[in-house]
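Just so we're clear, the structure is a prediction, and the values are computed from it rather than from any experiment.
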Amino acid sequence: EEDGLESLRRAVEAAGLPDAAREQARRELGRLERTPPHAPKYHVIRSYLDWLLGMPWSRESPPSLDLARARAILDRDHHDLEEVKERILDHLAVLELNPATQAPIFCFVGPPGVGKTSLGRTIAEALGRRFTRLSLGGIRDEAEIRGHRRTYVGALPGRILQAIRAVGVRNPVFMLDEIDKLGQDFRGDPTSALLEVLDPAQNHSFSDHYLEVPFDLSRVLFIATGNTLASVPPALRDRLEVLPLSGYTPRQKLEIARRFLLPRQRAEAGLGPGELCVTPAALRRLIHEYTREAGVRELERQFGRLARKVARLRVEGGSAGRVRVTARNLAAFAGRPRYDRELAGREDEVGVATTLAYTPAGGEILFVEAVRMPGQGRIRLTGHLGEVLKESARAAWSYVRAHAAALGIADGGFERADVHVHVPAGATPKDGPSAGVALAVALASLFGGRPVRHDVAMTGEITLRGRVLPVGAVKEKVMAGAQAGIRTVLLPRRNQADLEDLAPEVRAQVEIVWIDRVEEAALHALVGGRPAAEPGPVPEPGKR
């Protein structure tokens with residue numbers, strides 16, 4: 001026992017601890033010397049000293065930064081994502097000029113399968129640093145971030161310092177996955193505990209409840225990921241430098257499949273490069289008819305399915321030789337197609353408008369259906385709608401009734417009819433203000449008797465004065481509309497800056513029409529030319 005205490009004393013002096021940590025270690029070592037070895041407190045103190053000495057207080061990965069090499073690594077591992085790569089290279093250039101600068105907290109936001117986590121590994125390789133990650137999904141206890149106090153049985157440091165100790169250096173690339181899926185309950189709010197971790201002005205002296213001495217996290221390059229920022233509190237979002245990652249276009253998916261996905265799945269199945277060949281026509285069919293996603297995760301699963309089929313042929317038959325998958329024989333390997341090429345409506349209908357929505361899995365199209373029946377001017381809303389969407393429907397109903405002439409409605413008979421508005425599918429929750437324009441157009445079509453063009457989709461929030469306000473995730477919505485067969489998209493004019501980097505193939509496929517008012521949306525979406533009455537000046541609220 002004396003030899004063990006002496007080795008601990010030498011380890012404390014040789015560990016290169018900061019002053020505060022060294023004083024704490026000496027104090028705990030003195031308590032350990034006065035504690036009988038068979039006492040429960042002895043093992044608690046011994047475990048604490050092991051953690052204190054095991055932390056990388058001064059160990060760092062040596063600097064290895066070459067901007068040209070970093071660019072080559074980013075281009076090698078990720079196709080497209082030019083804006084994200086430029087932002088990353090900008091920061092790497094600053095690190096080369098000033099290695100002591102405070103690192104920004106990058107946050108990659110986008111649908112699943114677009115390469116958020118793999119980008120973190122690529123950045124670590126480009127910097128020559130070690131990589132570690134922590135999944136925040138489902139964490140509800142604040143102690144998971146800050147650690148438990150030593151008064152509790154089985155106390156441990158928080159998972160932040162646990163990962164730092166496991167990686168062995170104090171300057172790793174640290175990825176915080178699924179930051180939007182943190183929860184909170186009676187045990188505390190972990191999102192608030194992350195405020196100190198992710199604040200460059202505070203994390204140089206991060207205090208864990210277990211260690212009780214400051215640890216410098218300012219040398220760590222934190223990278224967060226999430227599908228959406230809607231559930232992230234504003235205080236935490238303020239500490240993040242958001243880099244949005246949009247979904248991929250079919251052409252980009254084709255290139256990613258050829259360069260990355262198919263070779264990886266061939267290798268996973270134990271096949272050589274020449275044993276499985278997928279033609280470009282078959283690749284396009286896989287993208288359009290077997291997957292419906294913003295990323296490429298499901299597409300990679302389809303390649304895995306093809307590779308396993310070929311591997312089975314090789315094992316059962318001794319040698320499968322060269323298997324060539326074409327558009328004609330694709331169903332024999334991948335099964336029947338799961339999706340139609342186009343999801344948009346097939347014909348113009350009265351009272352049915354197409355809107356664009358955004359989900360954590362990417363953009364998608366929704367249909368707004370409206371029917372009328374004898375009644376007293378009431379409106380009924382179904383489709384598992386949230387409060388914001390219900391308010392948008394009521395605002396659209398009020399605007400259509402108040403401005404019937406401007407919308408081409410000669411005699412609406414609003415006071416003699418009830419309206420039922422439904423947004424399929426009813427089992428899927430829906431909320432947000434983006435469907436306001438589509439709701440107004442569907443109601444104008446219903447009471448004006450003019451069909452809505454089936455190849456037109458729209459998004460935007462509306463006001464009682466008929467103005468169309470900007471919404472978020474416009475790029476993802478336009479791409480979803482293009483994949484669903486939409487030919488014209490009506491967007492708020494104030495969202496023009498959001499489509500500056502829209503892929504050229506999507507621009508060639510979809511016509512973008514910028515609108516400021518509901519009447520403009522009705523003009524472009526309803527069949528039958530211009531409205532019966534030109535939109536006139538809108539009176540101020542409360543005036544006639």
Counting only heavy atoms from other residues, nucleotides and ligands, does the tally under 6.0 Å from CZ of R324 exceed 12? no
Do the two ring centres, one from Y248 and one from H79, sit under 6.0 Å apart? no
From the list F174, F106, F108, ring pair (Phe, Tyr, Trp, His ring centres under 6.0 Å) with F222 holds only for F174
Are the side chain of Q509 and the backbone N or O of A482 linked by a donor-acceptor pair below 3.5 Å? yes
Are there more than 12 heavy atoms of other residues, nucleotides or ligands under 6.0 Å from atom CD of Q376? no
Establish, from distance only, whether the side-chain atoms of Q302 and E298 form a donor-acceptor pair under 3.5 Å. yes
Which residues pass the side chain to side chain donor-acceptor pair (under 3.5 Å) test with T488, sequence neighbours left out? none
Side-chain H-bond candidate by donor/acceptor type, D177 with T117, under 3.5 Å: yes
Heavy-atom count check: over 12 atoms from other residues, nucleotides or ligands less than 6.0 Å from R372 CZ? yes
So, for G408 and R450, which heavy atoms are closest and what is the spacing to 0.1 Å? CA-NH2, 4.4 Å
Decide if atom NZ of K390 counts as having more than 12 heavy atoms of other residues, nucleotides or ligands within a radius under 6.0 Å. yes
Just wondering, more than 12 heavy atoms not from R401 lying within 6.0 Å of its CZ? yes
If you measure only the distance, is there a donor-acceptor pair under 3.5 Å linking the side chains of K253 and T291? no
Provide the closest heavy-atom pair for L198 versus I105 in the form atom of the first, atom of the second, distance. O-CG1, 3.4 Å
Could you tell me whether R258 and E255 make a salt bridge, using a distance below 4.0 angstrom between a side-chain N and a carboxylate O? yes
CZ (R71) with more than 12 external heavy atoms under 6.0 Å: yes
So with a 6.0 Å cut-off around CZ of R237, is the heavy-atom count from everything else above 12? yes
With K475 via salt bridge (charged side-chain N to carboxylate O under 4.0 Å, His left out) - residues at least two apart: D501
Show the nearest heavy-atom pair for residues S246 and V114, with the distance to one decimal. O-CG1, 3.7 Å
When the ring planes of F414 and W397 are compared, do they come out parallel, tilted or perpendicular, using 30° and 60° as the limits? perpendicular
